[in-house]
Q: 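I have a structure I would like to understand better, so I am pasting it below and will then ask my questions one at a time.
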Amino acid sequence: MESVGEVRHTVAEVLERLVGQMSHYRPDSDLGRFNRARGAQWVNLPVEMFHVLDTALSVALETEGAFDPTLGHLVNSWGFGPNGPTGTPPDAQAVLDGLFRRGWSRLLLDPARGRAWQPGGVSVDFSSIAKGFAVDQVARVLDDFGIANFLVEIGGELRSRGVKSGGHPWWVAIEQPPDCEGFPEVVVALCGQAVATSGDYRRYFMHDGVRYSHTIDPRTGKPVRGDLASVTVIHDQCILADAYSTALLVLGEAAGHLFAEKRQLPALFIARDGNGFRHSCTRAFQDMLD
Ligand code: AMP
Ligand code: MG
């Protein structure tokens, strides 16, 4: 039988490894190395980072670029990256520059040799997907130790296995925007699935009465507008719940619903409506409530 200390130690080791690979904030991470690579070249990647990039590029393709892991320069210009907050919108030139430098479709993967093509100057940012992947990896460690019942959470993204003590399912209250009080809690029973929420209230700044949130619309180079305050997605893999929740927030209410319904994805949308909020969800999400 494993000791709690042994499990804790292995989990800490895995998390440290992932941060060392994929942190946007650590210049010495493998991601930092990829982003700083001078000129066009192949860059060798650790296995886990290769997988995250591969998944991110698949979601980018599937969402026609609404999800884009190459917005690093724009994210920084808007004050949501490693350079820290700016508190004001960047000038038009900086936005244009960021738009030119993004480009998920210019990255290539060479699975046989575990390397990725850096076309030069592209800044990869995994902030919308790496937390979900980390949750999956911690769940995997617990599985490997033979632990049958757990709920793993990192920064609001969760993954479950088995049941709670007493044989009850893992009832999870879905995160709601902070100013949403009064709205009934939405609670789902997770049976082995993961849940992730993306919201415009998580990181944002106000300027001239406008809310600028950390989710960037790659078509405009600016924070998403539209009514959505948050999107929650449930999926077997937390990496995909995380990526899809960000993607649906960018797609917006109408296109996001269509995308999720087509894939039978359980998704909950919370939109700002006058001074209040309105909720809507896909059929697959509704089925989880019944
Ligand atoms: P999340 O909280 O998972 O929705 O991730 C938000 C973070 O992802 C932001 O802080 C940015 O670093 C990054 N990001 C912003 N816009 C996008 C986008 N359109 N696609 C992918 N990542 C993005
Ligand atoms: Mg995300």
Side-chain angles (χ1 to χ4, degrees), residues 22-26 29 31-32 35 52-86 90 95 98-99 101-105 107 122-136 153-159 174-175 177 194-205 211-226 228-235 237-252 255-256 259-260 265 267-270:
M22 287 176 263
S23 172
H24 195 39
Y25 290 80
R26 278 206 197 166
S29 66
L31 186 73
N35 288 344
V52 172
L53 185 56
D54 192 14
T55 307
L57 294 179
S58 307
V59 176
L61 184 66
E62 203 187 352
T63 59
E64 297 178 6
F67 181 87
D68 187 340
T70 64
L71 300 182
H73 294 298
L74 281 167
V75 167
N76 243 333
S77 297
W78 283 94
F80 300 115
N83 292 356
T86 53
V95 173
L99 283 171
R101 294 167 85 184
R102 80 191 194 289
W104 62 270
S105 58
L107 301 187
V122 170
S123 175
V124 168
D125 170 10
F126 284 146
S127 309
S128 55
I129 188 168
K131 251 193 293 167
F133 178 67
V135 169
D136 287 335
E153 190 251 359
I154 300 178
E157 328 294 26
L158 298 131
R159 181 163 169 165
I174 303 294
E175 183 183 306
V195 56
T197 299
S198 288
D200 72 351
Y201 52 87
R202 278 205 169 166
R203 295 179 65 209
Y204 69 95
F205 64 86
R211 176 191 292 261
Y212 295 98
S213 90
H214 67 150
T215 311
I216 309 290
D217 186 333
R219 294 163 292 198
T220 61
K222 299 175 180 171
V224 290
R225 301 304 291 265
L228 283 179
S230 77
V231 179
T232 297
V233 170
I234 294 173
H235 198 282
Q237 295 179 57
C238 201
I239 188 173
L240 287 175
D242 194 358
Y244 283 141
S245 63
T246 307
L248 296 183
L249 197 62
V250 177
L251 286 171
F259 180 95
L265 206 58
L268 171 72
F269 299 79
I270 303 181

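Numbering of ligands and ligand atoms starts at 1, following listing order. All values reported here derive from a predicted model rather than from experimental measurement.
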Q: Any nitrogen or oxygen of Thr215, main chain or side chain, under 3.5 Å from a nitrogen or oxygen of ligand 1?
A: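 For ligand 1, there is no N or O atom that lies under 3.5 Å from one belonging to Thr215.
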Q: Closer than 4.0 Å to some heavy atom of Phe67 - which atoms of ligand 1 meet that?
A: 20 (N), 21 (C)
Q: Walk me through whether Thr246 and Ser198 qualify under side-chain hydrogen bond (donor to acceptor under 3.5 Å, both in side chains).
A: CA-CA 6 Å; Thr246 307; Ser198 288; 3.2 Å; yes
Q: Nearest non-hydrogen contact with atom 17 (C) of ligand 1 belongs to which option: Leu71, Val75, Leu74, Val231?
A: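 Nearest heavy atom to atom 17 (C) of ligand 1 lies in Leu71.
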Q: In terms of the angle between their ring planes, are Phe205 and Trp78 parallel, tilted or perpendicular, with boundaries placed at 30° and 60°?
A: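 Correct class here is parallel.
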Q: What is the distance from atom CG of Asp242 to atom OG1 of Thr55, rounded to the nearest 0.5 Å?
A: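 Here the rounded value is 11.5 Å.
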Q: What protein heavy atom lies closest to atom 1 (P) of ligand 1? Include the residue and the distance to one decimal.
A: Thr246 OG1, 3.4 Å
Q: Mind checking the CG-CE spacing from Asp125 to Met22? Nearest 0.5 Å is all I need.
A: 12.5 Å
Q: Heavy atoms only: which of Gly81, Ser128, Pro223, Gly72 lies closest to atom 8 (O) of ligand 1?
A: Ser128
Q: Working to the nearest 0.5 angstrom, can you tell me the gap between Leu99 CG and Lys222 NZ?
A: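 If I round to the nearest 0.5 Å, the distance is 9.0 Å.
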Q: Looking at the Mg ion (ligand 2), is there an N, O or S atom belonging to Ser128 that lies under 2.8 Å away from it?
A: yes
Q: What residue and heavy atom of the protein are closest to atom 20 (N) of ligand 1, and at what distance?
A: Asp68 N, 2.9 Å
Q: Using heavy-atom distances only, which candidate in Val224, Asn76, Ile216 approaches atom 19 (N) of ligand 1 most closely?
A: Ile216
Q: Can you find an N or O of Thr197 that's nearer than 3.5 Å to an N or O of ligand 1?
A: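 N/O-N/O distance under 3.5 Å: no.
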Q: Measure the distances from the heavy atoms of Ser245 to every atom of ligand 1 and state whether one is below 4.0 angstrom.
A: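 False for this residue.
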Q: Output yes when the distance from some N or O of ligand 1 to some N or O of Asp125 is under 3.5 Å, and no in every other case.
A: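 Yes - when backbone and side-chain N and O of Asp125 are compared with those of ligand 1, one distance drops under 3.5 Å.
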Q: With a cut-off of 4.0 Å, which atoms of ligand 1 are near a heavy atom of Ser198?
A: 1 (P), 3 (O), 4 (O)
Q: Would you give the length of the straight line joining atom CZ of Phe67 to atom CG of Leu251, rounded to the nearest 0.5 angstrom?
A: 11.5 Å
Q: Walk me through whether Glu175 and Thr232 qualify under side chain to side chain contact (heavy atoms under 4.5 Å, CB included).
A: CA-CA 8 Å; Glu175 183 183 306; Thr232 297; 5.7 Å; no
Q: Report yes or no: does Tyr244 have an N/O/S atom closer than 2.8 Å to the Mg ion (ligand 2)?
A: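 Looking at Tyr244, which is the residue asked about, there is no N, O or S atom under 2.8 Å from the Mg ion (ligand 2).
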Q: Can you name the atoms of ligand 1, numbered from 1 with element, that are less than 4.0 Å from a heavy atom of Val250?
A: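 Listed by number with element, the hits are 19 (N).
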Q: Measuring from atom CG of Leu268 to atom OG1 of Thr197, what distance do you get when rounded to the nearest 0.5 angstrom?
A: 8.0 Å
Q: Given Tyr244 and Glu62, is the side chain to side chain contact (heavy atoms under 4.5 Å, CB included) satisfied, shown in steps?
A: CA-CA 10 Å; Tyr244 283 141; Glu62 203 187 352; 2.8 Å; yes
Q: Nearest 0.5 Å, what's the NZ-CZ distance between Lys131 and Phe126?
A: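 Output value for this atom pair is 15.5 Å.
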Q: So Val224 and Ser213, side chain to side chain contact (heavy atoms under 4.5 Å, CB included) or not? Walk me through it.
A: CA-CA 7 Å; Val224 290; Ser213 90; 4.3 Å; yes
Q: Enumerate the atoms of ligand 1 whose separation from the nearest heavy atom of Asp242 is less than 4.0 angstrom.
A: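 The atoms of ligand 1 under 4.0 Å from a heavy atom of Asp242 are 3 (O).
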Q: Who's the nearest protein heavy-atom neighbour of atom 7 (C) of ligand 1, and how far?
A: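 Scanning the protein heavy atoms, the shortest distance from atom 7 (C) of ligand 1 goes to Ser127 CB, 3.8 Å.
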Q: Please lay out, stage by stage, how Val135 and Leu158 fare under the test side chain to side chain contact (heavy atoms under 4.5 Å, CB included).
A: CA-CA 7 Å; Val135 169; Leu158 298 131; 5.9 Å; no
Q: Where the Mg ion (ligand 2) is the centre, what is the OG1-to-OD1 angle for Thr246 and Asp242, rounded to 10°?
A: 170°
Q: Among all the protein's non-hydrogen atoms, which is closest to atom 15 (C) of ligand 1, and how far away is it?
A: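 I find the closest protein heavy atom is His214 O, 3.2 Å.
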Q: More than 12 heavy atoms of other residues, nucleotides or ligands under 6.0 Å from CZ of Arg211: is that the case?
A: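 Yes, because the 6.0 Å sphere around CZ of Arg211 holds more than 12 heavy atoms from other groups.
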Q: Has Glu157 got an N/O/S atom less than 2.8 Å from the Mg ion (ligand 2)?
A: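 So Glu157 does not bind the Mg ion (ligand 2) by this criterion.
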Q: Report the part of Phe80 in contact with ligand 1, treating N, CA, C, O as backbone and CB onward as side chain, heavy atoms under 4.0 Å; options are side chain, backbone, both, neither.
A: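 It is neither; nothing of Phe80 touches ligand 1.
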Q: Under 3.5 Å between any N/O of Ala66 and any N/O of ligand 1: does that happen in this structure?
A: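 Yes: some nitrogen or oxygen of Ala66 is under 3.5 Å from one in ligand 1.
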